[in-house]
2 protein chains.
Amino acid sequence: MPTLKTTPKRGRPQTLDRDAVLKIALTSYWTGGPTRVAISHICKEADVSKPSLYREFGSDDGLKAAVLDLYSELVLGPFHNILTSNEGFAQQIEALIAFTVQDRKSLGIPSGCLQVAMRAHREDLGEVTGNKVDMLRSQTLRYYEAWIERAKSCGEFKADIPTQAAALFCDAQNGGAMRMQKEGIPNEIIKQTLTHAFSTFA
Amino acid sequence: MPTLKTTPKRGRPQTLDRDAVLKIALTSYWTGGPTRVAISHICKEADVSKPSLYREFGSDDGLKAAVLDLYSELVLGPFHNILTSNEGFAQQIEALIAFTVQDRKSLGIPSGCLQVAMRAHREDLGEVTGNKVDMLRSQTLRYYEAWIERAKSCGEFKADIPTQAAALFCDAQNGGAMRMQKEGIPNEIIKQTLTHAFSTFA
DNA sequence: ATAATTTCGTAACTAACGGTACGATATGAG
DNA sequence: CTCATATCGTACCGTTAGTTACGAAATTAT
């Protein structure tokens with residue numbers, strides 16, 4: 001329930017804009033790393049006091065979990081949609097690569113992937129966020145597996161590799177690409193590695 | 001100069017064993033993550049006082065840099081040796097995979113790769129260690145590139161991909177494998193992904 | 001022995017950061 | 001107008017971890 005205004009009339013009206021804070025926090029974590037951005041920094045950026053932020057999200061962990069939910073909706077969802085689309089396998093691969101190497105700067109989107117970053121810092125996250133990271137990871141792998149199984153049954157999948165391993169392979173390619181992008185390696189080069197990696201499938 | 005005892009006679013004899021501390025620190029960082037293990041924890045494990053450790057390594061950053069040097073010598077060196085060996089390309093690939101998926105537990109070696117972990121936490125490391133991580137990364141990429149160039153000129157390299165991208169691809173495969181291993185994914189499955197990934201080369 | 005020298009380790013310092021106590025403030029209800 | 005209610009934000013707390021001040025201890029040179 002992102003912005004369900006239950007409009008409780010009583011008491012001092014809330015000035016904190018949950019969605020605005022979430023968006024700022026998302027950008028901060030995405031850009032600076034989920035474990036490197038301090039709560040107080042987000043408070044300054046969003047121009048809210050620490051107690052206000054804690055009132056809304058409960059804790060550091062709560063804020064990060066909420067941010068990850070937003071990220072999942074904004075980024076992971078569209079990515080999964082490619083895997084479940086009705087296009088042909090080869091076109092899906094092309095779409096996945098295009099999605100991954102799209103120019104972020106011109107779109108005002110940070111480089112890299114927050115989910116990948118959170119996985120790298122899994123042990124430094126709170127319980128709620130950490131579990132959510134695990135769930136999303138599993139979910140992504142399941143999407144890959146279903147996608148690959150479908151391609152196999154359609155005869156579009158040319159490689160001889162178990163589905164589970166193939167899904168992990170896909171995930172590793174994507175993770176590697178996101179890491180490279182974050183390091184500043186040109187999308188052109190990243191695209192070459194992805195194209196090569198997925199050329200084994202179709 | 002790891003253990004060059006210059007034997008300075010004067011003063012209280014040193015009880016701190018640099019190499020022993022380094023080995024313990026290496027295991028701690030490798031197992032628990034380079035940014036999650038506190039100096040005081042290593043002091044307890046090695047049974048040395050904090051000032052003793054600081055006297056020897058200067059700082060957190062200095063200790064980590066020394067540990068990374070040791071890791072480079074123990075692990076990265078042998079890995080690079082495979083890339084410069086005189087074996088055939090296909091056998092080198094096989095050796096790389098075998099090296100990566102060797103059973104760590106039975107050898108008493110921690111899972112994953114310290115260099116990969118340090119790259120993931122690059123921003124949390126000190127200046128000296130951070131720069132060393134970058135240097136080792138570049139070095140590894142250069143080894144891959146030379147290896148690939150050699151295979152290309154021998155006609156053993158079958159894929160149509162620029163050398164730079166191919167090197168990054170290799171590095172991404174290895175990094176992905178190390179990350180999976182750290183997560184507890186069976187080496188059997190990891191081997192399937194690596195075999196598939198490198199099957200595109202030879 | 002005594003002095004010079006070098007290392008040892010306890011105990012404290014410091015900075016950063018997650019989290020909160022509490023009084024002020026703003027609104028609706030009576 | 002006054003009370004109940006809910007949010008606001010300053011200032012503070014507590015923990016953790018890197019770092020160091022300093023006096024004790026151990027050894028060689030004179």
Short side-chain donor-acceptor distance under 3.5 Å, [Y] and [X]:
X: A:Thr163; Y: A:Glu149; result: yes
X: B:Glu56; Y: B:Gln14; result: yes
X: A:Asp103; Y: A:Ser106; result: yes

Send over the distance from [X] [atom1] to [N] [atom2], rounded to a whole Å.
X: A:Ile39; N: D:dC12; atom1: CD1; atom2: C1'; answer: 17 Å
X: A:Leu63; N: C:dG19; atom1: CG; atom2: P; answer: 10 Å
X: A:Ile42; N: C:dC17; atom1: CD1; atom2: C1'; answer: 13 Å
X: A:Asp61; N: C:dC17; atom1: CG; atom2: P; answer: 18 Å
X: A:Lys44; N: D:dT10; atom1: NZ; atom2: C1'; answer: 14 Å
X: B:Lys64; N: D:dG18; atom1: NZ; atom2: C1'; answer: 10 Å
X: B:His41; N: D:dG18; atom1: NE2; atom2: C1'; answer: 16 Å
X: A:Gln14; N: D:dT5; atom1: CD; atom2: P; answer: 19 Å

With a 4.0 Å cut-off on N to O distance, would you call A:Glu183 and B:Arg137 a salt bridge?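 B:Arg137 and A:Glu183: salt-bridged.
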Cationic N near anionic O, under 4.0 Å, A:Arg119 to A:Asp171: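 Yes, this pair counts.
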Has A:Asp160 got more than 12 heavy atoms of other residues, nucleotides or ligands less than 6.0 Å from its CG?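 Not more than 12 within 6.0 Å, no.
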Of B:Asp47 and A:Ser59, whose closest DNA chain C nucleotide lies nearer the 5' terminus?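 First, find each residue's nearest nucleotide; the 5'-ward one identifies B:Asp47.
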OP1 or OP2 of C:dC17 versus the side-chain N and O atoms of A:Ser40: is any pair under 4.0 Å?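 False: A:Ser40 side-chain N/O out of range (4.0 Å or more) of C:dC17 OP1/OP2.
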Under 3.5 Å, which N/O atoms of the protein pair with N/O atoms of nucleotides 25-29 of chain C?
from: C:dT25; atom 1: O4'; to: A:Arg12; atom 2: NH1; distance (Å): 3.3
from: C:dT25; atom 1: O2; to: A:Arg12; atom 2: NH1; distance (Å): 3.2

Between atom CG of B:Asn174 and atom CE of B:Met178, what is the distance when rounded to the nearest 0.5 Å?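 Reported to 0.5 Å precision, the distance equals 5.5 Å.
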Measure the CG-CD1 distance between B:Leu141 and B:Ile148 for me, rounded to the nearest 0.5 Å.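 One gets 9.5 Å once the value is rounded to the nearest 0.5 Å.
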Any heavy-atom pair between the side chains of A:Arg104 and A:Pro110 that's under 4.5 Å?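 With C-beta onward as the side chain, the pair stays apart.
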When you measure from every atom of DNA chain C, which of residues 49-58 of chain A have a heavy atom less than 4.0 Å away?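 A:Lys50, A:Pro51, A:Tyr54 - these, ordered by number, are the residues of the stretch whose heavy atoms sit under 4.0 Å from the strand.
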